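Naming: A, B, ... by sequence-line order, numbering from 1 per chain. Quick caveat, the model's predicted, so the values are computed rather than measured.
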Amino acid sequence: MNASTGHAMFGETPPVRRKLRQEALAQWVFGAMAAAMIVPLLLIVGYLVVRAAPSLNLEFLLEVPKRGMTEGGIWPAFVGTLYLVFLSLAFSAPIGILAAVYLNEYARDNWFNRVINLAVINLAGVPSIVHALFGLGAFVYAARFGYSIISASLTLAIMTLPVIIAATREALASVPRSFREACWNVGATRWQTIWAVVLPNSISGILTGIILEVSRAAGETAPVMFTGVVFFKAVERGDLFPYYLNEQCMALSMHLYTISTQVPGVKESIPFATAIVLLALVLMVNAAAISLRVYLRSRKKW
Amino acid sequence: MNDATGHSITARDVNLWYGKFQALCDVTLNIKHGFITSLIGPSGCGKTTLLRCFNRVNERYNYVTTKGEILVLGKNIYDPDVSLIELRKSVGMVFQRPNPLPVSVYENVVFGLRVHAGGDALRKPALDEAVEKALTEVNLWHDLKDRLDHKAITLQLEQQQKLCIARLLPLKPEIILMDEPCSALDVEGTAAIEELMFALKGRYTIVIVTHNMAQARRTSDECIFMLLGKVIEHRRTEELFLTPANLQTTEYIEGRYG
Ligand SMILES: Nc1ncnc2c1ncn2[C@@H]1O[C@H](COP(=O)(O)OP(=O)(O)OP(=O)(O)O)[C@@H](O)[C@H]1O
Ligand SMILES: [Mg+2]
């Protein structure tokens with residue numbers, strides 16, 4: 001019996017204790033690293049809010065820039081960003097979803113589809129400044145859209161496409177295979193299967209993927225600066241439709257760059273408040289995406 | 001309906017490869033009309049593969065090559081003029097895990113009609129009638145008639161499996177293929193499905209894959225024993241179990257391997 005060796009039966013032996021210490025240490029280190037993520041976020045947001053405080057009010061959002069952009073608000077830039085984001089998604093979402101459905105549901109494993117896959121992956125890795133140049137050449141000059149909202153949104157659309165395709169494919173792939181088999185076995189065509197079963201059960205994932213692209217499109221500077229965004233554009237205060245699509249517009253990201261580096265004598269809190277608006281826009285969109293996903297998840301059961 | 005010989009399914013020299021791996025070797029067999037035929041054999045011997053040949057579902061994997069002839073109701077289903085859509089209407093399949101679609105009970109039953117039929121067959125009264133008829137046939141009508149709008153996923157497994165059988169019936173299939181239909185069910189569920197098989201027998205030709213030899217013995221009229229992609233023995237069930245002709249069959253049914 002163990003009793004005679006000095007250890008209680010099933011009690012901790014020294015090697016066991018050593019392992020437990022290592023385990024505790026490992027857990028602590030990993031946990032600390034994960035917690036470290038919170039720090040930069042809090043610092044960024046906190047710093048911005050403090051510096052922006054004097055300008056943070058509704059007036060700032062609705063008002064147009066005044067006195068050579070040194071005072072006033074950011075309405076033209078805010079609306080411009082909304083225009084760019086929604087228009088670019090209007091281009092990229094349908095194309096991206098349909099392409100992803102093809103790749104996930106129809107494509108066989110042959111060289112043609114491997115080339116498409118490779119293209120999607122590589123497109124995702126192209127730096128945004130290169131997209132900007134491409135947009136300039138393709139949309140502004142070759143397609144003769146000029147420097148305009150159309151050109152800028154098409155450029156953004158090309159940039160967001162690969163991510164939308166990837167997110168959609170993932171959502172489609174998460175639909176259980178057994179649902180598809182059930183359909184094939186009553187003789188449904190692929191299209192009937194997609195329409196009746198695959199899309200309804202993956203729509204939450206697809207929507208989330210698209211909405212998350214909003215934040216990327218909203219934050220990009222280079223692609224829109226090259227193709228259709230200007231320093232300044234005179235519009236009415238609070239006007240919801242200040243731009244035609246073949247005109248240039250202002251955008252938050254570009255505006256932030258301008259007033260921080262190009263214009264002397266800007267009221268100190270204005271750049272920070274602009275950053276807050278951009279950040280809030282993105283965070284709100286993300287929050288919407290998450291709640292949409294939670295809501296749709298709660299309705300599906302399998 | 002059946003061909004002059006009374007066979008619903010005839011396979012001649014069927015060979016099948018997954019990529020380079022040969023899963024079926026020279027399978028030749030006749031499955032009698034209106035009978036329950038069971039497919040037994042150890043894991044990986046190709047039972048599921050063979051079953052899936054009968055409605056060509058294997059072809060959804062694009063690395064599958066099939067050679068040989070399979071006649072269903074006298075027609076070679078590998079002929080170029082065969083429409084998979086029509087074929088699968090006549091040859092339905094039930095899976096190991098019940099796989100109702102994530103919609104209501106009602107929509108599950110009429111799914112096949114919605115896929116195939118048009119016009120009058122899709123009017124509400126016609127659909128209602130089809131649902132009642134199909135659910136009655138699988139003994140679910142009484143239990144579910146007040147719950148037709150419930151999600152099919154919320155039913156008990158046994159009910160789900162019956163629903164999956166009911167889903168095939170509005171399309172008036174000739175043959176029902178079942179791949180271990182009871183392996184996810186408890187004893188009562190198994191008994192209920194077996195009872196249902198007896199009720200459906202005659203009107204439909206049933207081919208059932210099972211790991212459970214007692215089940216093969218209880219339910220089937222004929223039994224096919226497979227090993228490593230080959231058909232070893234195909235006889236009337238009681239003969240196969242009482243006086244197997246082949247040594248490997250004897251060893252398998254005595255439980256020496258498998
Ligand atoms: N999709 C597939 N791709 C490649 N090989 C496969 C595929 N499906 C089955 N196989 C192989 O083919 C052989 C036969 O498989 P099959 O599923 O038909 O066996 P089974 O008799 O149904 O087995 P079980 O009793 O375990 O269900 C196995 O060796 C298996 O590994
Ligand atoms: Mg199997």
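Of all residues in residues 156-171 of chain B, those placing a non-hydrogen atom less than 4.5 angstrom from a non-hydrogen atom of chain A are B/Arg167, B/Leu168, B/Leu171.
Between A/Phe139 and A/Phe134, the two ring planes are perpendicular [angle over 60°; tilted spans 30° to 60°].
Using a 4.5 Å cut-off between heavy atoms, B/Arg56 makes no contact with chain A at all. Neither the backbone nor the side chain of B/Pro173 comes within contact range of chain A; no heavy atoms are under 4.5 Å apart.
Side chain to side chain, B/Asp128 and B/Tyr106 meet the donor-acceptor criterion of an N or O pair below 3.5 Å. Residues A/His131 and A/Thr155 have side chains that never bring a donor and an acceptor to within less than 3.5 angstrom of each other. A donor and an acceptor atom, one from each side chain of B/Asp149 and B/Ser104, are nowhere located under 3.5 Å apart.
By the neighbour-count criterion of 12 heavy atoms within 6.0 Å, atom NZ of B/Lys75 is densely surrounded, having more than that number from other residues, nucleotides or ligands.
The one candidate from B/Leu73, B/Asn55, B/Ile77 that meets the side chain to side chain contact (heavy atoms under 4.5 Å, CB included) condition with B/Val91 is B/Asn55. Residue A/Val214 forms a side chain to side chain contact (heavy atoms under 4.5 Å, CB included) with just one option from A/Leu89, A/Leu82, A/Leu281, and that option is A/Leu89.
Ranked by non-hydrogen atom pairs under 4.5 Å with chain A, the options B/Arg114, B/Arg88, B/Glu86 are led by B/Arg88.
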